[in-house]
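What follows is one structure encoded as structure tokens, with my remarks underneath.
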Protein chains: 2
Amino acid sequence: MDTIPVWSYCQATPISPFRICAASKRFSPLESWMVTLAEVAQHAGVSASTVSYVLSGKRSISAATRERVEQSIRELGYHPNAGARALASSRSNIIALMVPLRTDMYVPVMMEIAIAVATTARTHGYDVLLLTGEEGPDAVRRVTGSGLAEAMILMDVELDDERLPLLRGTDQPSVLIGLPTSTSGLTCVDLDFAATGALCAEHLAMLGHRDIAVIGEAPAVYERHTGFAERTLDGLRSRSRELGLRVLHRPCEGGYDAMALTLARIFDERPATTGFVVQNESAVEPLLALLRQQGRAVPEDVSVLAVCPDQVAVQASVRLTSVAIPAQEMGRRAVELLVAKLDGRGTEEVVLLAPELTVRASTGPAPAAP
Amino acid sequence: MDTIPVWSYCQATPISPFRICAASKRFSPLESWMVTLAEVAQHAGVSASTVSYVLSGKRSISAATRERVEQSIRELGYHPNAGARALASSRSNIIALMVPLRTDMYVPVMMEIAIAVATTARTHGYDVLLLTGEEGPDAVRRVTGSGLAEAMILMDVELDDERLPLLRGTDQPSVLIGLPTSTSGLTCVDLDFAATGALCAEHLAMLGHRDIAVIGEAPAVYERHTGFAERTLDGLRSRSRELGLRVLHRPCEGGYDAMALTLARIFDERPATTGFVVQNESAVEPLLALLRQQGRAVPEDVSVLAVCPDQVAVQASVRLTSVAIPAQEMGRRAVELLVAKLDGRGTEEVVLLAPELTVRASTGPAPAAP
DNA sequence: GTCTCGAATCGAAGCGCTTCGACAACCTAT
DNA sequence: ATAGGTTGTCGAAGCGCTTCGATTCGAGAC
């Protein structure tokens with residue numbers, strides 16, 4: 001729809017010899033030889049600064065002028081040059097998003113967060129630069145140092161993340177998705193995993209279960225002290241203690257073979273186990289299949305409670321009672337907090353989203369003791 | 001091959017006397033402690049242009065000078081300003097990656113591609129801007145127009161994608177991951193899905209199967225004419241014809257309920273079906289479970305052949321014979337083609353990766369006809 | 001000893017935009 | 001009328017970097 005009548009401004013605006021020569025070399029009307037602010041200004045018969053103010057709205061402009069300028073912008077197909085803008089204003093309108101390089105867990109959640117970040121950022125006029133964890137702390141230095149991005153969002157935060165000192169040491173706004181051990185001077189968004197764990201314990205306790213098992217993420221996830229995994233466990237354990245539940249925690253790689261081993265060990269050690277909490281998407285289906293195979297009915301004999309996105313819960317072979325992971329919400333909130341900081345409103349703050357448990361078909365009253 | 005960015009050495013941002021005097025001249029609010037080229041030049045006792053040439057290597061510099069400059073860069077913790085660079089050189093060193101907004105299919109593959117793109121891009125000195133499909137063609141216009149990104153990679157290309165005319169009409173390099181109907185003037189990377197389909201047909205035919213069923217992606221995927229789904233089907237169908245296989249194709253939403261319905265219909269219409277080709281990650285596990293439940297053994301009674309990443313194939317309840325989707329390779333190749341174009345080498349080109357079938361435990365000889 | 005050429009360096013002119021101070025032109029209130 | 005505010009617009013000074021001559025200085029070539 002942006003038809004660009006090249007001729008109209010070729011005739012009208014001999015700005016510089018450079019321009020003329022470039023324009024005459026030009027072929028297709030769609031081609032992006034950049035139209036500049038100055039050209040728009042000349043076309044509209046105003047000064048460059050006026051056009052700039054029309055664009056930014058930082059000074060009042062008469063309706064007539066504004067209209068004329070906007071018309072010219074449309075006619076010429078003008079797009080402000082991002083580099084020039086960034087240079088002159090020290091604002092790049094880009095925020096960096098650092099996603100984990102590893103794909104040993106929860107890829108769909110990561111993706112959903114990333115997409116939510118990107119779309120929310122756009123509604124606030126920002127673009128998103130995608131950084132992988134590969135570069136590690138250097139990426140933070142590079143991006144802050146070069147002014148490429150004016151703020152950043154970090155995912156997959158470890159409890160004692162090595163990027164945090166850098167973040168604290170810079171005046172560049174940032175938001176973490178995840179919750180490190182110390183949050184002083186930081187802004188964080190996350191599901192309240194401790195409350196999530198507690199909620200799981202409560203639900204199972206309420207149903208009369210006494211022995212429960214937690215099927216966690218892969219051991220590696222715990223070894224590098226990923227916050228959410230440990231926090232879920234802590235919350236679940238401490239609430240369990242209060243409620244008199246016995247808890248067994250077993251990390252699990254996911255997949256059938258690993259799950260089979262894990263499950264065998266669990267029933268070996270605690271034959272009376274009747275409740276499962278699973279926080280590993282790739283372990284859900286294997287668990288259900290193995291239970292079925294062993295003749296344990298869900299939810300009559302054992303209950304299974306998952307911590308996973310709703311979509312996974314409803315697509316499983318048994319519709320799972322679950323605590324949802326609100327990936328989109330997390331991405332959205334992170335951007336909003338960041339934008340608030342960039343606008344000067346907004347503060348250091350920790351936002352913990354309250355967990356919500358949805359009862360579906362995988363949990364029920366504990367069976368009467370044999 | 002690529003110049004190594006000197007500034008990546010520096011560990012911190014030490015304070016220098018020069019900064020103080022320069023800073024007092026300046027009142028940029030946010031980046032008031034940015035070290036500039038000029039400051040490095042002054043510190044090293046050379047002119048700004050010399051520093052620039054040290055950085056870019058575009059003119060010869062004596063070893064002594066080079067060293068002095070690099071020393072200063074390190075001491076001052078200098079990072080070139082991205083905006084200024086982009087403005088002066090018209091090269092932003094950013095490539096845009098447009099990912100699909102929808103998450104109705106193959107999220108892990110998308111994520112893997114995205115990460116491969118990001119890491120490969122970094123090795124060539126580029127950063128990646130994350131665009132979602134939400135903005136549609138406008139995003140292309142915005143990004144090319146503003147010079148924000150100097151090139152772009154598009155994922156989730158439809159057969160007759162509305163972004164293609166824009167791409168053809170601009171001189172901005174681009175690479176598609178996927179294969180539209182017409183590729184003239186475009187560079188594309190994709191798995192050769194037609195060959196993939198053919199390969200599946202061959203494998204099952206070789207094993208003696210006569211009636212096969214294809215469990216495809218959700219109907220919506222076909223309705224919007226996503227290339228890979230249709231091409232797989234075409235390849236499979238035409239090779240099947242040659243081999244005398246009868247083919248039934250049923251799209252499927254994924255999940256247990258949808259799969260149960262689909263499967264029932266298939267056996268209704270073609271009771272003699274003994275081979276399945278699945279191209280829908282979320283349908284794999286349901287299919288296996290249902291077959292098991294119906295007393296059909298895999299691979300003795302029916303064979304199941306998947307088109308999916310290897311990781312999915314080995315984690316399933318039966319180790320699946322599969323044609324791999326080489327997500328990483330695709331991302332990597334896309335970037336390499338793009339960089340080649342940006343460097344002036346490289347041409348329009350269609351790269352189709354040859355499919356590779358790995359035999360695992362889910363396919364075997366067709367059972368003797370009853 | 002002069003001439004030429006290449007290597008090494010510098011100075012200056014932008015790149016396209018934002019922003020600040022200046023200034024007309026018009027309003028009110030005196 | 002005049003002082004004092006608005007309002008709308010302009011000119012010019014950068015932002016930090018790249019790049020294109022121009023310049024200097026030795027080292028051969030003659």
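Below, read A as the first sequence line, B as the second, and so on, with proteins coming before strands; counting in each chain starts at 1.
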Using whole Å, report how far [atom1] of [X] lies from [atom2] of [N].
X: B/Leu87; N: D/dG14; atom1: CG; atom2: P; result: 17 Å
X: B/Arg59; N: D/dT23; atom1: CZ; atom2: C1'; result: 12 Å
X: A/Tyr53; N: D/dG11; atom1: OH; atom2: P; result: 13 Å
X: B/Leu148; N: C/dC17; atom1: CG; atom2: P; result: 13 Å
X: B/Ile73; N: D/dC17; atom1: CD1; atom2: P; result: 10 Å

* Return the minimal non-hydrogen interatomic distance between B/Met98 and B/Gly136, and the atom names on each side. => CE-O, 3.3 Å
* If only side-chain N and O atoms of A/Lys58 are considered, is one of them under 4.0 Å from the OP1 or OP2 phosphate oxygen of C/dT18? -> no
* To do: Please check the phosphate of C/dT18 (OP1 and OP2 only) for any side-chain N or O of A/Ser52 closer than 4.0 Å.
  => yes
* Asked: Counting side-chain heavy atoms from CB outward, which of D/dG11, C/dT18, C/dG14 is closest to A/Ser49?
  -> D/dG11
* Could you work out which one of D/dT9, C/dT18, C/dT19 sits closest to the side chain of A/Thr50? => D/dT9
* Mapping B/Gly45 and A/Ser56 to their closest nucleotides on DNA chain C, which lands nearer the 5' end? -> B/Gly45
* **Set of residues satisfying side-chain hydrogen bond (donor to acceptor under 3.5 Å, both in side chains) with respect to A/Arg332, sequence neighbours excluded** => A/Glu329, A/Glu336
* Between A/Ser60 and B/Ala38, which has a closest nucleotide on DNA chain D that is more 5'? -> A/Ser60
